[in-house]
Every structure is written in C-alpha cells, then in structure tokens.
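Heavy atoms only: backbone and side chains are in, while hydrogens, waters and symmetry mates are out. The structure presented is a predicted model; accordingly, all values stated were derived computationally and were not measured. We count ligands from 1, going down the list as the structure has it; atoms in each ligand are counted the same way.
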Amino acid sequence: MKKLVTLVSLMICMWSCDSQKENTQDKFTCVDVEKQIRYCEKQLRKSVENLDPQQKKLPRNIEHGEATWSCSHWSGWTAGFYPGILWYMYEATNDNYWKEKATEWTLVLDSNKCRDWKDHDLGFVMYCSYGNAYRLTKDTSWLSPIYMAADTLMTLFNPQVGTILSWPWMKRKKGWPHNTIIDNMMNLEMLMFVAQMKNDERYRQVAIQHANMTKQHHFRDDFTTYHVIVYDSARPVPLQKVTFQGYADNSMWARGQAWAIYGFTMMYRFTKQKEYLVQAQKAADVYLERLPEDYIPYWDFMAPNIPHEERDASAAAITASALIELADHSEEPLRQKYFQSSQKMLATLSSEEYLADDKNHAFLLHSVGFKPAGGEIDMPIIYADYYYLEALLRTKQFKEKYPNSCM
Ligand code: GLY
C-alpha cells in the first residue's frame with residue numbers, strides 16, 4: 001500500500017513538474033503596455049500643445065526632416081484618427097485632460113455628419129472619433145452624427161452588385177463603373193454598430209452583403225487579397241481585379257491584407273458567423289507565413305527590391321491590433337499563435353528603430369501611404385499611431401482575460 005502511495009505521489013509530481021515546464025515554455029514576454037502608453041502620452045502632449053483645433057485641420061503625416069504634424073481637411077479619410085487617439089489616451093489614463101482634448105477635436109469633424117458622400121471613408125472618419133466618444137462616455141449626443149454618416153454611407157450601396165461603392169470619382173477617372181476596395185471592410189463597423197443601436201436590420205444587411213461579396217471576390221486561392229474589384233454596375237460581376245496602392249495587381253499590398261484581417265475579425269465579432277472567422281484566420285496565416293523575421297512587413301509583400309524596400313509600420317500596427325481580437329475569438333493553439341505574433345509586431349514597433357521619440361511628435365516612424373504615386377513614403381502617418389495605441393489597449397485587456405498568456 002505504502003509503495004502504491006509513493007508511486008502515485010511520484011507520478012503526480014512528474015505530471016505537475018511537466019506541466020509547470022510546459023507553462024513556462026509557453027510563456028513569453030508581452031510588450032510593456034504601461035511603459036509604451038507613457039511614451040505615447042509624452043508624444044501626444046507635444047502634438048496637442050502644438051495644434052489648434054480652430055484651424056479645422058487634423059494631423060495626417062510628418063514630412064521628412066520635420067518635427068510636427070502636417071494636417072489635412074476635416075473631411076479627409078484620415079481625419080478621425082487623431083480624435084480617436086485622444087479618446088484612447090483618455091481610456092488608457094482616465095485623465096479628464098484627454099477627455100477634454102478628445103471632445104474638442106472630435107467636434108472639429110462635426111460638419112461630416114451632413115456632408116454629401118465623397119467616398120466610403122466616412123466609417124473611418126466618424127467611427128474612430130464619434131464611435132469611441134460614445135463608447136467611452138455613453139453620452140447619447142455623440143450618436144446622431146454617427147447615424148447621419150451611416151445613412152450617407154448607405155447611399156453608396158449598390159443593391160444590384162451587393163457592395164458599397166468605394167470611390168465614386170474613379171468612375172470617371174479610370175472608367176471603373178462600380179469599384180470596391182478591400183479597405184472598405186473597415187467602414188462596415190459603423191454600419192454594424194448603427195444596426196445594433198437602432199435595432200435596424202437594413203444597416204446589418206448591407207454590411208453582410210458587402211462582406212460576403214468581398215469574401216467571394218477579393219481573395220485569391222491562397223487567401224491573399226486584391227486591392228480593388230471593379231464590378232459591372234448593374235450585376236454582381238467582377239470586371240477587373242487590380243491594385244491602386246499596391247505594387248501589382250497580383251501582389252499582396254501589406255495594408256490591404258491588414259484591412260482584410262481586421263475587417264473579417266470585426267464582422268465575426270458582430271455576427272458570430274464562423275465563415276468570417278475562418279476568412280480572417282486564413283488571411284492572417286498567409287500574412288504571418290510571409291513576414292520578415294522582425295514581423296514588420298515590407299509595404300507590399302511582392303515589392304520588387306526586397307530587402308531594399310520600405311517597411312510599413314501602419315500595416316504592422318493594424319495587423320497587431322486585429323490579431324489580438326482574432327486571438328480572443330480563436331481556440332488554442334491558434335489563440336496563442338495570433339497573440340504571440342501580435343506581441344512580436346508590437347515589440348519591434350516599440351523598439352528604437354520604430355519609435356519617433358525626440359525626432360518628432362508621432363508615436364511611430366516608417367509608414368508607407370501610397371508608394372506607387374510617390375506619396376507618404378517612409379514617414380509617420382496618423383493611422384499607424386491610432387492602431388498602435390489600440391493594440392496596446394487590446395493587449396492589456398487580453399492579459400486581463402487570459403492572465404497566463406505572457407509574462
Ligand atoms: N484607405 C486607404 C489606405 O489604406 O491607404
């Protein structure tokens with residue numbers, strides 16, 4: 001009997017030592033969220049003290065050799081990111097100073113609620129700003145501008161095709177009768193939110209149809225994405241599959257793939273439709289397989305002069321943020337895979353090479369906006385900062401939910 005007890009205790013000890021070993025091996029170091037948020041706060045204080053909301057222009061990029069943000073019009077596609085960053089900083093610090101600044105800068109966008117459509121980007125503009133304002137304050141006065149913008153976005157939906165028209169001006173400029181870009185997945189978040197708030201199926205149906213068509217036509221067999229699908233305007237039939245901001249029609253433009261991962265993860269959050277989750281996972285898997293060792297993509301995965309091509313910190317930040325949510329929706333071992341990958345991305349972004357620090361007012365250096373047109377190459381761009389801070393906050397929430405996920 002004594003022998004049996006000893007044997008069982010020995011087995012229990014071996015099992016527990018083994019599982020302890022496994023746990024320690026599984027654990028890895030997460031980005032130091034608190035340290036990086038303090039860094040972002042220091043940078044943000046510099047910019048907010050230097051900018052004047054009365055000018056009605058919002059930070060977009062920092063030119064080479066400059067320290068301060070170049071700003072663009074309140075209706076531009078990047079206009080919502082700076083107010084969004086200020087809201088995230090309020091969320092991170094709970095400091096009313098940031099709430100006041102966020103409120104002030106969000107109101108700069110007010111005229112977007114009643115402007116006519118220009119393109120599909122109203123979702124980026126109004127949801128990153130007003131959406132976060134409502135999420136954090138629950139003050140219902142933030143809602144009506146979002147509702148109005150959603151109604152405007154809905155007018156770009158073509159029911160004969162089943163997608164939202166991304167770029168109306170491309171009809172004339174390029175002869176693209178109805179065009180939809182992969183980025184457009186991001187603007188569905190505003191529609192899904194409004195559907196939920198107003199309990200109105202119309203917004204949800206448009207978003208779902210758009211996502212389904214995107215799933216069907218934007219992906220190649222290997223789950224890399226086309227940037228632009230040009231459709232016949234009277235039938236759900238693709239006429240061309242091309243790029244605008246990527247290297248080539250058949251290449252994987254890094255930010256486009258990032259929008260796809262983020263967009264389908266977000267659609268899964270709202271619908272719980274398994275096919276969206278699987279699409280996000282496949283899009284993430286091919287992106288991860290083809291990344292360089294430091295987890296920051298070249299601006300296009302097939303850019304011709306790799307390794308002498310620019311990296312795109314914005315794509316890395318968007319993907320890092322998306323992967324944390326994707327990890328949360330996924331089962332093990334994918335959960336660990338996506339979360340650890342996000343942390344590797346954030347680790348490199350949080351290194352001296354990528355932090356702007358004393359060089360300028362941004363959080364991050366080295367983003368690429370539109371290389372084929374020679375625009376915004378290797379500079380700080382506002383949306384990289386937005387998704388970087390979002391990813392830091394998501395890391396914090398993930399660690400709270402899964403305390404053993406990292407050290
Ligand atoms: N939505 C435009 C871009 O990603 O550059």
Contact (N/O only, under 3.5 Å) between Trp77 and ligand 1: no
Quick one: does Asp121 get an N or O within less than 3.5 Å of an N or O on ligand 1? no
Enumerated ligand 1 atoms positioned under 4.0 Å from heavy atoms of Asp183: 1 (N), 2 (C), 3 (C), 4 (O)
Enumerated ligand 1 atoms positioned under 4.0 Å from heavy atoms of Arg255: 3 (C), 4 (O), 5 (O)
Please find out if less than 6.0 Å separates the ring center of Tyr287 from that of Phe223. no
Over 60° means perpendicular and under 30° means parallel, so classify the ring planes of [Y] and [X], tilted if in between.
X      : Y      : answer
Trp167 : Trp176 : parallel
Tyr90  : Trp87  : perpendicular
Phe244 : Phe370 : tilted

Classify the contact between Trp253 and ligand 1 as side chain, backbone, both or neither, using a heavy-atom distance cut-off of under 4.0 Å. side chain
Close approach, Phe370 and ligand 1, non-hydrogen under 4.0 angstrom: no
Looking only at the side chains, is there a donor atom on one of Tyr388 and Ser350 sitting less than 3.5 Å from an acceptor on the other? yes
